[in-house]
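Please read the structure below before turning to the comments.
Any value given below was found using the heavy atoms of this structure, including those in side chains, with hydrogens, waters and symmetry copies removed. This one's a predicted model, so the numbers in the text were calculated from it and none came from an experiment. Convention: sequence-line order gives letters A, B, ...; per-chain numbering from 1.
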Amino acid sequence: MMPLAARAWAVALAVPALLLPWYGQESLLAALRAGDAMPLAMVAWARPWLLPLLAVPLVALAASWRDAPRLLVAVSLAGLAWLCLESLAITHRGWAWAWIGGLLGAAPTQPALGWGALGYALACTMLAAAGLARRGWCRGDMFVLGAILLILGAILIFVFWPVMTVLISAVRDNDGAFAPVLFWEKFSDRSIWGLECLSDARSCGAAWNTLFLAVLVGVLSTLLGLAFALVALRTGLPLKGPIRLLSLLPIITPPFVIGLALIIMFGRAGFITSFLYQTFDIPRSRWLYGWPGVAIAQLLAFTPIAFLVLVGVLQAVAPSLEEAAGTLRAGRWHIFRTITWPLIRPGLANAFLIGFIESMADFGNPLMLGGSFNVLSTDIFFAVVGAAHDQGRAAILGIVLLAFTMAAFTSQRLWVGTRSYTTVTGKGDGGVPPPLPLGLRAACYATVLPWLALTVVVYGIILGGGFVVSVGRDHTPTLKYFLTAFSIDRGVGGWFLSGSAWSSFLTTMQLSVIAMPLTAALGLLTAWLLARQEFRGRGAFEFLTMMSFAIPGTVIGISYILAFNTPPVELTGTGTILVLAFMFRNMPVGIRAGIASLAQIDKSLDEASLTLGARSGRTFRLVILPILRPAIIAAMVYSFVRAVTAVSAVIFLTTAQYQLATVYIVGRAEIGEYGIALAYSAVLIVVMVAALIAIRALVGEQRIGRRQADTGAVPIGLSAS
Amino acid sequence: MTEPAVTFRAVTKRYGRVTAVDDVSFDIAPASLVTLLGPSGCGKTTTLRLIAGLEHASAGRIGIGGADVTTLSAADRDVSMVFQSYALFPHMTVMENACYGLRASGLTRAQAEARAADKLRLVGLTGFERRLPSELSGGQQQRVAVARAIVLEPQVLLFDEPLSNLDAKLRRRVRDEIRALQQDLHLTVVYVTHDQEEALAVSDRIIVMSQARIAQDGTPRELYEAPASRFVADFIGNANLLPVTLRHDDATMGTATLGALAVALPHRNLPAGPALLAVRPHAVRLSATGDGLAGKVAHAAYLGGHMEYGVELPGIEDELFAIATDIAQPLRAGQDVRVRFDPGGVAVVRAEEE
């Protein structure tokens, strides 16, 4: 007999077809209340190409009642395929492809898809899952199949398709005509690939600049991170706590604010520059605006990430190995050179690639400090918002940037991923790591201590700078910046929020809070599928989901504009598109947290639940989620924090109605209102810390220890007898 | 004849190029305890997981209680399983763990708790209902796992190496408890282990697996006394395997000769000629004088209740492994001995593996 779920979904398929507005409308509720929701059943008579879609629910109902899974799969997939095809082929302007017009004549038009179409696609997907489960796919598990198909569909629509749109629009001119010659002209442009900086004073192309900066930042952040990790773990200096705390700060700092702090210190009118000029007569210069400034800002922002990676790697090196080398008559340097260094080398490569990708994707700091030093991420932005308004050029720059990050990402997965020597066995290692060689220790101190001082000063400025008259000059405490942004006044109609920042602040909070659980749920569900389920094409699925991690925010931004500005999916200017951008951009964090946690939970727990008659959905809810609490917290916190601090993707997508905090701050900083920018940033940081604590309290601490992991449980793998 | 509780018909399970279970067929009778026995990697756990629905067969049909369940998911099969790691849900109490399956099948909390309490009493865990698994000893955790599985009163109960996480002393007791429970409740049990002693002790029937196939299927006595192959003889009871020449004397009996030694035993219709003699360690008789094969004690070990010897025989590569209960006058290493075999502990097996 067909499982009940299949019948339920077959009935559910009729609901969007009969009740929900098929095409997009401003508000679903308003349309339903007014009774002018035009469901599929009504619009189809005027638009005959929709008629086949009406037949799908009927066939699906018959198939699910007569237990014909093959027919069910066929009809639901056909429904989906036809929906995609007709909505792509017939746009608001007529035929999407001119040659169809030649074949079929006059062009019909249709607006963007609405709730009805969404519900229809959802029900079709679940019906296909039900049919496939009945045919024994994925061990007959409909929940797993449904989750796979839904996530796959979402990723195809919100990651893959936008990227494809960018690729396609790169070979078109602004009017949408195919223009390969123009593509080549723009692609080989001097502003991208020029090498003039080698011969004269002019700037090199943005591609070379980006590459140079990324390599520099990758190498330096890795070395700095290593120095910090060594100091924290392998010396007696009581710096472990402060370093760990400082390493968390950049995560909750909007990325460009560091650049802002640097300007206040080292800019032409910066207080340190002025001090040097007045005391030592060192002339003021604009050295900060260019690659040195961007590199310093990025190092401040990304060294903590390298540090966290390398602390993990260094901790995983069993001290007993180094002790063993010591008993074999090796000196300290020899041990470090022959044991420690080779063991952490894959970790170093990993840290380098992360720094490399982050530097390439960074948008805020080059915007603040780049000056005439062009990099790809900011050039993309200026190609769209600038006077030129050249979408093709933006798309081409996006492709170059994407190629760089994808190459780094792929090499990280293929090369570094397979080359890890360090394994956490769960066995205690009683060893004590040997002290560092003297020279190395001195070098670490010499880099770590000044850098630590710089970091403390930078964060001092960020947190306190908005509450004094002028950092470095006049330290009289003042609330004027804070009040300009966040004052509340009493007017005719009662209290109202008169501060200039309230609108953007509340929008940011609202959208981030909406995106938070959705991102975490999407990420953790994907993690569970990847870690626990075996299905064909799992590798490709994993690559697709992790790909959005490698797509720089600016590319996401430009691709969302290009893909969702016109039907069939029209979202630009809405809050939805911002939430979607947050979700698919931050999902990989949830995936990683989930996979890491699931790796520690014995797989037999899932299986025990299954054999006790609980289906996958129930198992996920009752067994997996409660144990995953730490991962849920991590995923929620990260998605919230990253949504609040995001700039690159959203700067393309914000509108007057949906102004975001970061975009507002960038705007203030650009016109020199540093006080307001800093005060606002400080408020954001405080709010994020509060949110972090609140989420922790809300989700609750874990009630159990990791007993399961240490009862000597042998995970039942595929190879187990 | 009653319907078999479990049927396997030409079941194959492949992972990519690796075949974990290769064309396996068997029936399991209701209310019997059948053990899947074999070395690690032989496919026994995969077979168990195929019954549970945790793996799905690449080819062949699987039936439970007469119904074809080949494509059914684990949640839809009327089986439950006791895991090697117990797989107790760490965030639930003992009672919540025991109720889990009943709640999943739609019972109210009160109904579920009443039935679960009954089964917890059966395994002697009354009074522990509110504890978390991490607050129990290994043996108690094991009982919770058993209680959780039998609460559902499944048609088939599966055990995956249930004793491997217990210490040696506890193992024997739990083993006997499982057997007693199975017989009291008339459960159909499929039990996976790699320990032949455990298998012999609890089983009505043993299916020995080797390299993804069934090597032999029979009662413990059949397997021990009439091993079908060199592998089974070696795996069950650590038999010494000696090359002999077999001669048929009449319809049932034959003579196996090894040098000066001749042993009369059932020939089991093996062809006359070269064969292997499987000799159980306790069937090796060693004496300082008398007749028999000439050998030499290579080493001797005192194990309290018995002696273990390694004996070198001329022309035979492997040492003969012997167990002797005479601890009063042990033989010494280096001593020349005479070797004879007790006919109660020998069997012929085919010389070549087919």
Side-chain angles (χ1 to χ4, degrees), chain A residues 1 3 69 132-145 534-536 600-619 621-629 700 702-721, chain B residues 15 18 20 36 38-46 48-49 52-56 70-92 97 100-105 132-135 138 141 145 148-149 151-152 154 158 160-161 164-165 192 194 209:
Chain A
M1 193 195 77
L132 289 173
R134 184 78 183 109
R135 305 257 305 134
W137 285 42
C138 284
R139 304 191 291 191
D141 199 319
M142 184 179 154
F143 178 80
V144 173
L145 270 162
E534 291 294 326
F535 48 91
R536 241 171 292 163
Q600 298 183 26
I601 302 172
D602 193 343
K603 197 176 174 178
S604 60
L605 285 184
D606 305 27
E607 295 176 345
S609 175
L610 282 179
T611 59
L612 291 170
R615 280 165 218 288
S616 289
R618 201 185 172 90
T619 302
R621 192 160 51 80
L622 291 182
V623 177
I624 303 301
L625 280 186
I627 304 178
L628 274 188
R629 271 191 190 160
Q702 204 180 13
R703 183 170 138 203
I704 38 112
R706 276 271 148 62
R707 171 99 185 183
Q708 219 56 32
D710 58 37
T711 44
V714 182
I716 301 164
L718 294 179
S719 54
S721 52
Chain B
Y15 301 108
V18 182
L36 297 169
S40 60
C42 71
K44 58 187 191 298
T45 294
T46 306
L48 194 76
R49 292 165 61 81
L54 295 170
E55 308 288 347
H56 275 196
T70 311
T71 60
L72 238 52
S73 79
D76 296 322
R77 296 191 187 183
D78 190 12
V79 299
S80 46
M81 180 155 166
V82 176
F83 288 80
Q84 186 174 18
S85 62
Y86 315 144
L88 299 178
F89 306 127
H91 56 299
M92 298 183 189
N97 264 290
Y100 187 88
L102 295 171
R103 300 279 287 145
S105 44
L132 287 174
S134 56
E135 297 163 343
Q141 291 183 19
R148 184 177 70 177
V151 157
L152 285 173
L158 309 173
D160 185 12
E161 309 228 5
S164 62
N165 282 329
V192 159
H194 64 268
M209 293 190 69

Could you go through A/Arg135 and B/Thr71, starting from their C-alpha distance and side-chain angles, then the distance that decides it, and tell me whether this counts as side-chain contact (heavy atoms from CB on, under 4.5 Å)? CA-CA 7 Å; A/Arg135 305 257 305 134; B/Thr71 60; over 6 Å; no
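Using a 4.5 Å heavy-atom cutoff, the side chains of B/His91 and A/Arg629 are not in contact. Side-chain atoms of A/Arg615 and B/Asp76, non-hydrogen and from C-beta on, do get closer than 4.5 Å to each other. A/Ile627 places a side-chain heavy atom less than 4.5 Å from the side chain of B/Pro90.
Contacts between B/Leu54 and chain A at a heavy-atom distance below 4.5 Å involve backbone atoms as well as side-chain atoms. Contact of B/Ser80 with chain A is made through backbone and side chain together, with heavy-atom distances under 4.5 Å. Proximity to chain B involves both the backbone and the side chain of A/Ser609, based on heavy atoms less than 4.5 angstrom apart.
Closest of all the heavy-atom pairs between B/Tyr100 and A/Thr619 is OH-CA, 3.9 Å. Taking every heavy atom of both residues into account, B/Ala75 and A/Ala614 meet most closely at CB-O, 3.6 Å.
For the atom pair A/Thr611 OG1 and B/Asp78 CG, the distance stands at 11.5 Å (nearest 0.5 Å). Rounded to the nearest 0.5 angstrom, B/Phe89 CZ and A/Asp606 CG are separated by 8.5 Å.
Contact count versus chain A (heavy atoms, under 4.5 Å) is highest, among B/Met209, B/Arg103, B/His194, for B/Arg103.
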